[in-house]
Colleague: 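Questions regarding the structure given below will be posed in turn.
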Amino acid sequence: MVEIRKGWNREEMAQKIAGHIPNGAYVNLGIGLPELVANYIPHDREVIFHTENGLLGVGPSPVKENEDDELINAGKKPVTAIKGACFFHHADSFAMIRGGHIDICVLGAFQVSENGDLANWSTGEPGAIPAVGGAMDLVQGVKTIIIFTQHLTKNGEPKIVKHCSYPLTGKGVVSHIYTDYAVIDVKDTGLYVREMAPEIDFDYLKSCTEAELKQY
Amino acid sequence: MVEIRKGWNREEMAQKIAGHIPNGAYVNLGIGLPELVANYIPHDREVIFHTENGLLGVGPSPVKENEDDELINAGKKPVTAIKGACFFHHADSFAMIRGGHIDICVLGAFQVSENGDLANWSTGEPGAIPAVGGAMDLVQGVKTIIIFTQHLTKNGEPKIVKHCSYPLTGKGVVSHIYTDYAVIDVKDTGLYVREMAPEIDFDYLKSCTEAELKQY
Amino acid sequence: MINKIAKTASEAVADIFDGATIMISGFGEAGSPIELIHALIDQGARNLTVVSNNTGNGHIGLAALIENKQVRKMICSFPRTANSVVFPELYRKGEIELELVPQGTLAERIRAGGAGIPAFFTPTSVNTPLAEGKEIRLFNGKPYVMEYGLKADFALVKCKIADRYGNLLFNKTARNFGPIMCMAAKSAIVQAAEIVELGGIDPEIVITPGIFVKKVVEITNPVSENQLISENRRYPW
Amino acid sequence: MINKIAKTASEAVADIFDGATIMISGFGEAGSPIELIHALIDQGARNLTVVSNNTGNGHIGLAALIENKQVRKMICSFPRTANSVVFPELYRKGEIELELVPQGTLAERIRAGGAGIPAFFTPTSVNTPLAEGKEIRLFNGKPYVMEYGLKADFALVKCKIADRYGNLLFNKTARNFGPIMCMAAKSAIVQAAEIVELGGIDPEIVITPGIFVKKVVEITNPVSENQLISENRRYPW
């Protein structure tokens with residue numbers, strides 16, 4: 001339990017991740033926070049968003065009166081389809097994922113470990129209804145997995161840990177972690193801090209991170 | 001080498017097989033002789049023909065001026081598509097075959113054995129270029145395999161044998177054999193002669209069949 | 001003549017038997033064959049195993065089928081969603097069984113079942129609790145888990161346009177599991193918003209070839225799950 | 001901006017390297033990307049492994065590529081057809097390798113390669129010489145053979161309509177192996193009879209989503225293989 005400081009806000013985090021996505025990338029955005037990333041793609045880049053429920057070329061949210069129950073994203077929210085979009089069935093959609101055709105996936109996390117293990121589907125609590133969705137497919141199939149998360153849990157516990165205590169989504173699958181406090185690259189030799197939010201210094205960051213952090 | 005008698009002609013054989021095909025059946029016709037069967041489907045039946053190169057609903061051959069290089073059957077002959085037809089790619093086409101969705105397949109044979117083994121893709125001769133196409137998929141995937149063949153080879157050798165000497169297409173896969181001499185059902189207990197051509201009697205049939213034949 | 005058209009949803013689901021395995025299309029509210037499911041509630045088959053991505057919302061459709069105690073076991077990837085209330089309660093009471101399958105593995109198992117593939121290897125779920133007890137094998141030094149093809153006795157599927165051969169077109173992201181479930185079921189039963197004359201569907205754009213479909217029934221204005229839930233409706237009405 | 005359009009066939013095939021594995025679409029004369037293959041002959045990459053259902057006809061297209069000694073090995077289901085003369089001669093002389101694969105297994109291996117499935121089980125070829133040396137396994141008491149997913153460095157594919165994202169529509173039975181080869185290749189290179197503006201293809205009818213395609217080139221009036229063969233043409237012209 002550490003003092004909670006104010007780092008980047010969600011929009012700033014989304015903007016940073018968006019800056020990481022090159023022109024022409026095929027990108028899957030997880031449910032929730034990661035969806036924000038779509039709003040910040042630089043105007044000189046064309047990025048194609050995939051949603052695993054069968055649409056390549058997800059466009060902006062529709063205005064209320066144009067919402068269509070049968071045009072939704074993986075979070076079951078109404079979306080639109082851009083020009084050049086296409087629809088397909090679930091086996092084809094996950095062939096794109098599993099087959100390594102999606103370049104980048106942005107996901108939330110309960111925990112990320114020092115070696116890039118991700119836990120984001122179950123807290124393993126008794127009585128909880130287990131639900132996995134497409135997370136395990138995404139982390140195995142997509143080339144680059146980016147985590148978009150608060151640095152600490154609501155209770156001030158570190159989410160970047162030595163070993164995940166929650167059930168894994170995948171082992172050694174995370175490439176980059178974007179939190180409100182820092183941007184961290186996951187490498188074979190450990191976690192490297194690439195950037196910190198203005199109010200955050202390395203000592204403070206270490207104090208609220210269970211995993212070992214390195215500097216470039 | 002036996003005396004060669006005259007049995008049914010090809011059209012009669014095709015007609016008999018066509019009579020075997022019920023209304024609503026999905027049918028794949030092998031290259032060559034089996035293609036004749038399509039001409040004899042009784043008018044009160046609707047049968048849908050599949051060709052493994054991606055068309056369900058093969059129609060009659062086109063007149064010369066309507067031939068289309070990109071609308072062909074598995075024998076690479078120009079065909080037409082009926083109303084209600086559909087095109088699909090090769091993986092979907094063989095999903096239909098392997099998945100047990102095709103009801104009947106009519107194929108030629110080099111040899112058929114007593115227990116329904118089929119050899120129809122290679123005579124195993126040295127120097128021959130081996131070529132298998134979709135035959136092995138068809139015999140494993142299609143519910144009912146019907147063989148359409150001359151009873152004897154051009155040299156008067158029996159094609160219905162105790163054990164196939166040629167490399168197998170599939171083991172225990174044949175259900176019915178239609179030759180110019182007889183209609184034979186392949187059962188767990190052996191080969192049963194259901195019908196013989198007018199000029200053919202059981203003794204003669206046995207004399208030109210290496211496999212044991214039974215009568216109902 | 002081939003005519004796969006059933007006159008009513010009740011007629012379409014009449015053959016479903018106790019103990020059957022049924023695949024039900026849909027991802028959330030998109031593509032769920034609510035009218036067919038309601039006909040199945042009226043029909044009353046019990047002890048069913050249902051394969052569907054979710055477990056239904058509110059007290060209609062799949063949720064109502066579960067609430068009516070017709071479902072013994074769910075095979076799905078995401079049994080809890082915002083409006084899912086029925087399944088969680090029964091599950092906590094131990095009154096319904098759950099086989100949790102990652103979404104892509106679920107899709108691939110269904111496709112494999114329809115394509116005559118008894119088993120395949122996938123990287124998904126390796127090193128997680130969902131791979132426990134399953135065969136792991138290395139290919140090129142990387143671990144994969146073996147998963148089995150999944151078949152069903154019936155599929156209940158919603159689509160947009162059908163013809164009497166059973167050729168289908170879907171609507172946007174309501175396509176989801178429909179085409180592969182038609183492949184994997186012995187009898188795929190499909191509700192279409194419109195049934196057109198043979199030839200009314202361009203052969204180049206057919207999504208589900210009729211060979212995979214057993215029955216189609218026209219349900220001209222299917223209910224909106226979202227709307228029924230916002231109105232707090234329950235089935236049976 | 002995303003623009004997958006190459007100006008010429010030569011530009012489209014420029015990156016193909018010696019020793020590459022290349023999938024080539026087509027079934028007989030339908031769907032064979034003759035112009036792309038001829039560009040590859042001009043380009044000169046050698047020691048290629050080619051995955052294609054047949055081995056080409058006459059002395060054009062794939063047959064010409066083989067005749068030009070650019071192909072080390074063919075992976076195909078039916079290497080001899082009525083007009084196939086080049087491959088049989090080289091094969092008999094021991095100058096080209098052949099991996100013979102049943103057509104459905106070939107299709108499924110390509111699809112698996114594209115879908116991230118390293119291996120699967122199929123009933124096809126069990127108890128035949130083509131299963132020799134392969135792993136056999138029983139599922140529900142029935143034997144199946146294990147086959148591996150197949151990937152490629154490049155695919156050369158012919159289609160009817162494309163857009164700058166690489167979305168594709170095909171023509172009739174010329175579709176055949178095109179869509180799955182696009183999935184299985186790192187770089188799928190596609191010749192289209194027409195390239196349309198973005199939005200010119202209805203999202204509901206796209207056959208190959210652009211994600212599977214690297215380059216498209218417009219070849220407005222592709223040659224007819226049948227006609228060239230009847231005229232006894234050879235490439236290089």
Colleague: I'd like to know which of Asp163(C), Ile211(C), Leu198(C) tops the heavy-atom pair count under 4.5 Å against chain B.
Modeller: Ile211(C)

Colleague: Return yes if some donor-acceptor pair links the side-chain N/O of Arg98(B) with the main-chain N/O of Gly116(C) below 3.5 Å, else return no.
Modeller: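 Judged by distance alone, no pair lies under 3.5 Å.
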
Colleague: Has Asp188(B) got more than 12 heavy atoms of other residues, nucleotides or ligands less than 6.0 Å from its CG?
Modeller: no

Colleague: Where does Lys4(C) contact chain B at under 4.5 Å (heavy atoms): side chain, backbone, both or neither?
Modeller: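 When you check distances to chain B, only side chain atoms of Lys4(C) fall under 4.5 Å.
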
Colleague: Determine yes or no for a side-chain-to-main-chain donor-acceptor pair under 3.5 angstrom, with Asn167(C) supplying the side chain and Gly84(B) the backbone.
Modeller: yes

Colleague: Can you tell me if Lys214(B) has over 12 outside heavy atoms packed within less than 6.0 Å of its NZ?
Modeller: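 Atom NZ in Lys214(B) is packed in, count exceeds 12.
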
Colleague: For the residue pair Pro209(C) and Met96(B), what are the closest heavy atoms and their distance?
Modeller: CG-CE, 3.6 Å

Colleague: Would one find more than 12 heavy atoms of other residues, nucleotides or ligands at under 6.0 Å from atom NZ of Lys16(B)?
Modeller: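 Check passes, neighbour count above 12.
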
Colleague: If you tally heavy-atom pairs under 4.5 Å against chain B, which of Ile117(C), Ile2(C), Ile205(C) wins?
Modeller: Ile2(C)

Colleague: Do you know which of Phe88(B), Tyr26(B), Phe94(B), Phe87(B) has the most heavy-atom pairs with chain C at a distance under 4.5 angstrom?
Modeller: Tyr26(B)

Colleague: Of the listed residues (Leu56(B), Ile97(B), Asp92(B)), which shares the most heavy-atom pairs with chain C below a 4.5 Å separation?
Modeller: Leu56(B)

Colleague: Atom CZ of residue position Arg137(C) - does it have more than 12 heavy atoms of other residues, nucleotides or ligands inside 6.0 Å?
Modeller: yes

Colleague: Non-hydrogen atoms of chain C under 4.5 Å away: do they reach the side chain of Asp44(B), the backbone, both or neither?
Modeller: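 Only the backbone of Asp44(B) comes within 4.5 Å of chain C.
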
Colleague: Look at the side chain of His101(B) and the backbone N and O of Ala115(C), then say whether any donor-acceptor pair between them is shorter than 3.5 Å.
Modeller: no

Colleague: Hey, is OH on Tyr40(B) packed in by over 12 heavy atoms from elsewhere, all under 6.0 Å?
Modeller: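 Correct, the count exceeds 12.
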
